[in-house]
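What follows is a single structure, written as structure tokens, with notes after it.
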2 protein chains.
Amino acid sequence: MKIDPSHLEILSAVVAAGGLTEGAAALGKSQPSVSRTISMLETRIGSRLFEKGRRPLRPTELCLTLAAEGRDIHAATERASQAITKYTGGKSGTARVAGSPIFMDGVISNMIAGFQIAFPDVRIDQSYGYATKLMEQLSAGNIDLAICPLKNDHVPPEYAFETILPGRNVIACAPTHPLARKTSLKLGDIAAYPWITPPADSPLYEDLRKVLKGIGITDFKVSFSGGSLVSVMNVLKGSDSLTVLPYSVVFLQKHLKSLVALPIRIEHPERQLGLLRRIDRPERPAVVRFRKYIKQQFASLSHSIGEQERNTLWRK
Amino acid sequence: MKIDPSHLEILSAVVAAGGLTEGAAALGKSQPSVSRTISMLETRIGSRLFEKGRRPLRPTELCLTLAAEGRDIHAATERASQAITKYTGGKSGTARVAGSPIFMDGVISNMIAGFQIAFPDVRIDQSYGYATKLMEQLSAGNIDLAICPLKNDHVPPEYAFETILPGRNVIACAPTHPLARKTSLKLGDIAAYPWITPPADSPLYEDLRKVLKGIGITDFKVSFSGGSLVSVMNVLKGSDSLTVLPYSVVFLQKHLKSLVALPIRIEHPERQLGLLRRIDRPERPAVVRFRKYIKQQFASLSHSIGEQERNTLWRK
DNA sequence: AATTTTCATAACTTAAGGATATATTAAAGG
DNA sequence: CCTTTAATATATCCTTAAGTTATGAAAATT
């Protein structure tokens, strides 16, 4: 005897409501519809579900048994509905995000922390990579969103790129660095110190080279290279080295007293930090939610940086 | 987001089977039917349930969540189906039976015991009454089946009456009774002993009067009256009283050595023991099963009595 | 690259399920 | 006891889901 679960759900509603009319109302259906469904069910089963000719509708034993299963079914569909609502509202699911290591560690991870507080049931899968690899990963469907610096006019048409910050870099050092305490800083001062460079394949490395070249330093001493942000910061802290970092990264570390930016205006890379995704792939709700959260966070970060800007004197 | 539980059931089957084709086969449906149901579900939900363009069908997170609920739903419908099968097979439910007290206690209760062993999930609600009241109870829908002696041609057309035994009575006494040990018994012998009579409103009481009148006793001494079978047997055991009982009752007690029948052939009542029910009421499966069980039991009882008959010499 | 397997689509048919209007019927009340 | 009232059953119509077979498209496999 194959049975339609929705019939059992209806049955349980009628039993719970104590009548067809009220049951139908509870279900949001018309009374005749429910009446017919019940009587079709009765003929299928071959037994009455309600005693004949009793006006306060009296369920039979079988009816009560089936209604109990109907309640289970209703509970399950209810849970399913809520799961769907949660999922389509972007409050559950997974967002797979990747980006440049320095950015992810220095900026995004802090934002992810806040996101997790607000949406604890969204899982964030994070990985690292630079632009080319990120695009491949996006196209392969391995990640949903990339966060990286890119030249705005170098974005292929199958990608969407939303800029979130200008790609501004600064020269950074430990707060204990001799230059950090100098009030008036000359460009020549920095030539004496060794440099920490990011991995050679990173865009930041390219930036660093250009910056130094821009201020006339072509032959610079590299004391450490290739590390992640934490490595870089640790080495900076224990040495007199300098490095080039995105201003946003330094900005967020500043109040932790682990990094400072030297007030030297250096060449802007032509890139913009932004959110990259495939335009032809439907975005899952959790990804949309995450992306918008990141955008909003960057908007407020951008505002904070802007204020800071007005209170700083940059030389060059 | 209102969701159809059967869709979730289908979803879980597809996920469990690992593909549309196998899932459809498991459900006993065609592949296109299942395919369309899934895709309709996807458009309703607004999210994919299976990743696009992956040939070993890969369920999304949401899909797995929903499929889990689908499993619950499937389990519930399965339980419901089995409950229905059991019920319609007469293996669960309730049968409300009533009958003459002496018969119910002396014969039917033993049969009910056997029935309960075979069908432990059928509940028997037993009550007592004589023909008129039983018919009222049947008509009021308070009982499903009556077991009572009735004249075959006195059955109103709205009732069905199946005879199960001829309404044969015997004179009964305790095995320790003086007459029980006598080998040759004369009719006059019984005149000396007091009588136990059933309740005055019972058909058996009428039988007793007729029997005694038939053998010439009009003025008989009543030592006890109105009790149930157990009372009657207890009083018989502790006294020299006689009584009239249905032969079937005595027959079943005989091997317990609590009652014996005197080998005196007495007048047969014109009634027949039978199963009475309303012909216009649909019988619930458990009632059918019980009724058939009782009929079959009486058939074999009837056979046993028949054999016993051939070995007994009845006088009159 | 061809083959195979699996899923999606098309077109059609049947049955279920929704609505409104109305007939029946059991319970209640004068 | 008969009338009233409230609830359920039925009638009719229409829309949509769901089943079928045949067929097209696409991913994996060889």
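Scope of the values below: all heavy atoms of this structure, side chains included, with no hydrogens, waters or symmetry mates. Below, chains carry the letters A, B, ... as their sequence lines are ordered, and counting in each starts from 1.
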Gap between atoms CG and P, on Leu20(B) and dT9(C) respectively (whole Å): 11 Å
Shortest non-hydrogen separation from Arg284(A) to Glu61(B) and the atoms involved: NE-OE2, 4.4 Å
Under-4.0 Å side-chain N/O to phosphate OP1/OP2 contact, Thr21(B) with dC7(C): yes
Let me check something: any side-chain donor-acceptor pairs from residues 153-162 of chain B under 3.5 Å, sequence neighbours excluded? List them with distances.
from: Tyr159(B); atom 1: OH; to: Met135(B); atom 2: O; distance (Å): 3.0
from: Tyr159(B); atom 1: OH; to: Ser139(B); atom 2: OG; distance (Å): 2.6
from: Glu162(B); atom 1: OE1; to: Arg277(B); atom 2: NH1; distance (Å): 3.3
from: Glu162(B); atom 1: OE1; to: Arg291(B); atom 2: NH1; distance (Å): 2.8
from: Glu162(B); atom 1: OE2; to: Arg291(B); atom 2: NH1; distance (Å): 3.4
from: Glu162(B); atom 1: OE2; to: Lys295(B); atom 2: NZ; distance (Å): 2.8

Between C1' of dT8(D) and CD of Glu42(A), the distance in whole Å: 12 Å
Side-chain donor or acceptor of Thr163(A) paired with backbone N/O of Gly274(A) under 3.5 Å: no
Non-hydrogen atoms of Ser228(A) and Asp105(A) that approach each other most closely: CB-OD2, 4.2 Å
Interatomic distance where CG belongs to Leu41(A) and C1' belongs to dG17(C) [whole Å]: 14 Å
Spacing of Glu51(B) atom CD relative to dA26(D) atom P, expressed in whole Å: 19 Å
Atom-to-atom span, CG of Leu49(A) to P of dT8(D) - whole angstrom: 15 Å
Euclidean distance, Met111(A) CE relative to Tyr293(A) OH, rounded to 0.5 Å: 8.0 Å
Distance-minimising heavy-atom pair for Leu20(A) and Ser35(A): CD1-CB, 3.9 Å
Phe50(A) CZ - dA7(D) P separation (whole Å): 15 Å
Short side-chain to backbone donor-acceptor contact, Arg289(A) and Gly89(A), under 3.5 Å: yes
Any donor-acceptor pair under 3.5 Å from Arg48(B) side chain to Phe50(B) backbone: yes
Interatomic distance, Leu27(A) CG vs dA19(C) C1' [rounded to whole Å]: 16 Å
Atom of Ser47(B), atom of Thr88(A) and distance for their closest heavy-atom approach: OG-CG2, 3.9 Å
Flag side-chain contact, heavy atom, 4.5 Å: Ser100(A) against Pro149(A): yes
Summary of protein contacts for nucleotides 23-30 of chain C, nucleotide by nucleotide, where a base hit scores B, a sugar-phosphate-only hit scores S (4.0 Å, heavy atoms): --BSS---
Terminal axis angle for the helix from dA1(C)-dT30(D) to dG30(C)-dC1(D), five pairs an end, nearest 10 degrees: 40°
Contact residues, residues 65-76 of chain A to DNA chain D [heavy atom, < 4.0 Å]: none
Check: dA9(D) base within 3.5 Å donor-acceptor of Gln31(A) side chain: yes
Short side-chain to backbone donor-acceptor contact, Ser81(B) and Met1(A), under 3.5 Å: yes
Sequence-aligned protein contact record of nucleotides 12-19 of chain D, with B where the base is within under 4.0 Å of a protein heavy atom and S where only the sugar-phosphate is: B----SBB
Shortest non-hydrogen contact between Val122(A) and Gly90(A), atoms and distance: CG2-O, 3.4 Å
Can you give each donor-acceptor pair under 3.5 Å made by side-chain atoms of residues 8-18 of chain B, sequence neighbours left out, with the distance rounded to 0.1 Å?
from: Glu9(B); atom 1: OE2; to: His74(B); atom 2: ND1; distance (Å): 2.9
from: Glu9(B); atom 1: OE2; to: Thr77(B); atom 2: OG1; distance (Å): 3.1
from: Ser12(B); atom 1: OG; to: Glu9(B); atom 2: O; distance (Å): 2.9

Closest heavy-atom pair and its distance - Ala76(A), Asp72(B): CB-CB, 4.3 Å
